[in-house]
Amino acid sequence: MRITRIEIAGLRRFEAVSLAPGEALNLLTGPNGAGKTSVLEAMHLMAYGRSFRGRVRDGLIRQGAAALEIFVEWQEASGRLRKAGLRHAGQSWQGRLDGADVGHLGELCAALAVVTFEPGSHDLVMGGAETRRRLLDWGLFHVEPDFLRVWRRYARALKQRNALLKAGGRTAELDVWEHELSESGEAITRSRETYLAQWQPKLAAEAATLAPALGVGQLSLQSGWRRDELSLADALLLARQRDLATGFTSVGPHRADFRIGFTGIPGRDALSRGQAKLTALALLLSQARLHAGLAGEWPVIALDDLASELDRAHQARVVDDLVATGAQVFVTGTDAPDALLAHAGRLVHVHVEEGRLRTEA
């Protein structure tokens with residue numbers, strides 16, 4: 001998968017810019033605040049439906065603009081050329097994929113695959129369950145064709161049950177939506193377990209290269225209810241009175257998480273910030289490798305401020321490995337990292353300053 005064109009308007013400092021990136025390595029340099037990260041944000045927003053630096057309504061839209069607009073054209077390994085566009089006003093959005101309107105942001109997220117490592121990525125390890133759950137489901141959106149449909153079915157049933165709980169819903173109505181939650185939720189959980197089992201050996205191999213002392217390897221799903229004791233249907237029934245009192249559904253896959261096992265340290269609380277970053281990077285790169293194996297093509301890799309996030313040895317190791325895969329890579333920094341200059345023949349250098357992009361000769 002390679003992005004061939006990206007157009008950005010109304011996003012942070014960008015009034016309107018366009019970029020035709022190279023097939024291999026793309027370096028975006030410029031002073032702090034110039035807009036380098038915003039290019040990666042645009043790709044991430046198209047691939048995830050949100051920025052890695054906050055919600056659209058919290059500062060992404062350029063001052064004075066009614067909305068931000070992103071257009072991305074990319075080529076899949078099969079040679080198929082695809083196009084997607086997104087206009088987001090903060091509270092409302094419109095999207096198009098291959099010339100047709102989309103009704104759910106998940107349809108865009110399941111089309112363009114981007115893996116992003118950025119300064120906040122350590123939250124994948126140290127943060128709350130939502131970030132890990134979103135990462136897990138992102139992987140499934142791309143490799144399991146029916147997962148998005150089942151996920152949306154579960155989300156709809158969850159919304160309906162929560163509305164009924166707040167209204168003190170009748171037993172018969174709750175029975176109907178709990179049946180929907182149970183069927184779709186059990187299917188989601190089985191898919192997550194299978195995916196984690198496929199991911200685990202790739203994570204172990206990646207972490208053995210990046211952070212061998214940590215002994216990273218085991219991935220285990222925490223399903224969101226006591227699955228070893230109860231079916232989801234039984235768990236929902238047992239939680240009903242409590243849920244009626246609180247007005248929300250307290251058990252189910254929407255509360256799931258996955259645990260990362262360590263043999264070299266007592267647990268994630270013992271990680272330094274640097275170790276958490278390396279663990280997060282191992283998670284992301286191993287998921288990219290898993291995606292390549294299951295989907296038949298590498299996702300686009302975005303590495304924000306690489307030189308400040310990794311020491312030189314880790315920078316070189318990551319860049320060399322990615323170049324060997326043939327993946328399209330985007331790297332930002334105030335200066336060109338030595339790890340990229342070693343591959344100058346495959347490098348496209350873009351200078352970013354004051355909301356403008358200029359490809360260097």
Side-chain angles (χ1 to χ4, degrees), residues 47-50 95 97 100-111 113 128-200 218-259 287 290-291 293-295:
Y48 292 84
R50 58 189 296 159
L97 178 63
D101 292 337
V102 298
H104 194 282
L105 270 177
E107 296 176 53
L108 292 179
C109 300
E130 184 182 357
T131 54
R132 288 183 293 278
R133 188 168 58 245
R134 193 182 304 124
L135 183 70
L136 175 58
D137 289 347
W138 175 88
L140 281 160
F141 287 150
H142 285 278
V143 299
E144 190 169 313
D146 202 40
F147 185 79
L148 178 59
R149 181 192 65 80
V150 178
W151 186 89
R152 291 176 66 181
R153 179 186 169 194
Y154 181 86
R156 176 173 177 267
L158 180 63
K159 182 178 179 180
Q160 294 293 333
R161 185 178 190 265
N162 284 343
L164 283 170
L165 292 171
K166 290 181 177 125
R170 295 191 298 269
T171 298
E173 293 174 312
L174 286 168
D175 285 343
V176 169
W177 291 111
E178 286 174 8
H179 177 74
E180 276 287 287
L181 279 173
S182 176
E183 283 200 346
S184 55
E186 293 277 10
I188 285 171
T189 301
R190 289 191 297 270
S191 293
R192 286 172 172 172
E193 281 187 326
T194 300
Y195 186 84
L196 283 176
Q198 295 170 312
W199 192 355
Q200 180 174 310
Q218 186 177 1
L219 292 175
S220 55
L221 181 68
Q222 298 172 307
S223 62
W225 79 96
R226 300 196 313 273
R227 190 162 176 250
D228 56 335
E229 302 173 16
L230 300 167
S231 67
L232 181 52
D234 288 342
L236 288 164
L237 184 59
L238 285 173
R240 186 181 288 182
Q241 290 306 312
R242 180 179 69 231
D243 291 353
L244 280 166
T246 59
F248 67 90
T249 302
S250 62
V251 295
H254 63 289
R255 298 180 66 83
D257 194 0
F258 67 85
R259 186 182 299 276
Q287 187 180 43
L290 176 59
H291 177 93
L294 296 176

Original post:
Going by an N to O cut-off under 4.0 Å, is there a salt bridge joining Arg133 and Glu130?
Top reply: no
Original post:
Can Arg226 and Asp234 be counted as an ion pair, charged N to O under 4.0 angstrom?
Top reply: no
Subject >> Nearest heavy atoms of Leu108 and Gly95, plus distance in Å >> reply: CD1-CA, 4.4 Å
**OP:** Starting at CG of Leu196, measure out to CD of Gln218 and round the result to the nearest 0.5 Å.
**Re:** 10.5 Å
Subject >> Rounded distance (nearest 0.5 Å) linking atom CZ of Phe248 with atom CG of Asp243 >> reply: 7.0 Å
Original post:
Side chains of Trp225 and Pro253: does their closest heavy-atom pair fall under 4.5 Å?
Top reply: yes
**OP:** Check Leu219 against Gln200 and note the closest heavy-atom contact, atom names and distance.
**Re:** N-OE1, 3.1 Å
Subject >> Minimal non-hydrogen separation, Ala239 against Val251, with atom names >> reply: CB-CG2, 4.2 Å
Original post:
Salt-bridged, Arg153 to Glu183, with N to O below 4.0 Å?
Top reply: yes
**OP:** List the steps and the verdict of salt bridge (charged side-chain N to carboxylate O under 4.0 Å, His left out) for Glu180 and Arg161.
**Re:** CA-CA 10 Å; Glu180 276 287 287; Arg161 185 178 190 265; over 6 Å; no
**OP:** State whether the number of non-hydrogen atoms from other residues, nucleotides or ligands found under 6.0 Å of Arg152 atom CZ is greater than 12.
**Re:** yes
Original post:
Is there side-chain contact between Gln198 and Thr194, with heavy atoms separated by less than 4.5 Å?
Top reply: yes
Original post:
Is it the case that Asn162 and Thr249 place a side-chain donor and acceptor less than 3.5 Å from each other?
Top reply: yes
Original post:
Hey, is Arg149 close enough to Asp146 for a salt bridge, meaning N to O under 4.0 Å?
Top reply: yes
Original post:
If you measure from CG on Leu236 to NE2 on His179, what distance do you get to the nearest 0.5 Å?
Top reply: 12.0 Å
**OP:** Please examine the side chains of Phe141 and Tyr48, heavy atoms only from C-beta on, and report whether any two atoms are closer than 4.5 Å.
**Re:** no
Subject >> Distance in Å, Leu238 CG paired with Glu229 CD, rounded so as to fall on 0.5 Å steps >> reply: 10.5 Å
**OP:** Report the C-alpha separation of Arg132 and Leu136 in whole Å, then their side-chain angles, then the decisive distance to 0.1 Å, and conclude whether the side chain to side chain contact (heavy atoms under 4.5 Å, CB included) test is met.
**Re:** CA-CA 6 Å; Arg132 288 183 293 278; Leu136 175 58; over 6 Å; no
Original post:
Roughly how far, to the nearest 0.5 Å, is the CG atom of Leu221 from the CG atom of Asp257?
Top reply: 8.5 Å
Original post:
Do Gln287 and Tyr195 have side-chain N/O donor and acceptor atoms under 3.5 Å apart?
Top reply: yes
Subject >> Residues Trp138, Phe147; criterion ring pair (Phe, Tyr, Trp, His ring centres under 6.0 Å); working and verdict >> reply: CA-CA 10 Å; Trp138 175 88; Phe147 185 79; over 10 Å; no
Original post:
Any side-chain donor-acceptor pair under 3.5 Å between Thr189 and Arg227?
Top reply: no
Original post:
So, the side chain of Gln222 versus the backbone of Ala256: is there a donor-acceptor pair under 3.5 Å, distance only?
Top reply: no
Original post:
So, for Ala187 and Val150, which heavy atoms are closest and what is the spacing to 0.1 Å?
Top reply: CB-CG1, 4.0 Å
**OP:** Examine distances only and state if a side-chain atom of Glu186 and a backbone atom of Leu232 form a donor-acceptor pair shorter than 3.5 Å.
**Re:** yes
Subject >> Separation of Leu148 CG from His104 NE2 (nearest 0.5 Å) >> reply: 6.5 Å
Original post:
Cys109 and His142: which non-hydrogen atoms are nearest, and at how many Å?
Top reply: O-NE2, 2.8 Å
Subject >> Verdict with supporting geometry, Leu294 and Glu144, side chain to side chain contact (heavy atoms under 4.5 Å, CB included) >> reply: CA-CA 9 Å; Leu294 296 176; Glu144 190 169 313; over 6 Å; no
Original post:
Should the heavy atoms of other residues, nucleotides or ligands under 6.0 Å from CZ of Arg156 be counted, would the total exceed 12?
Top reply: no
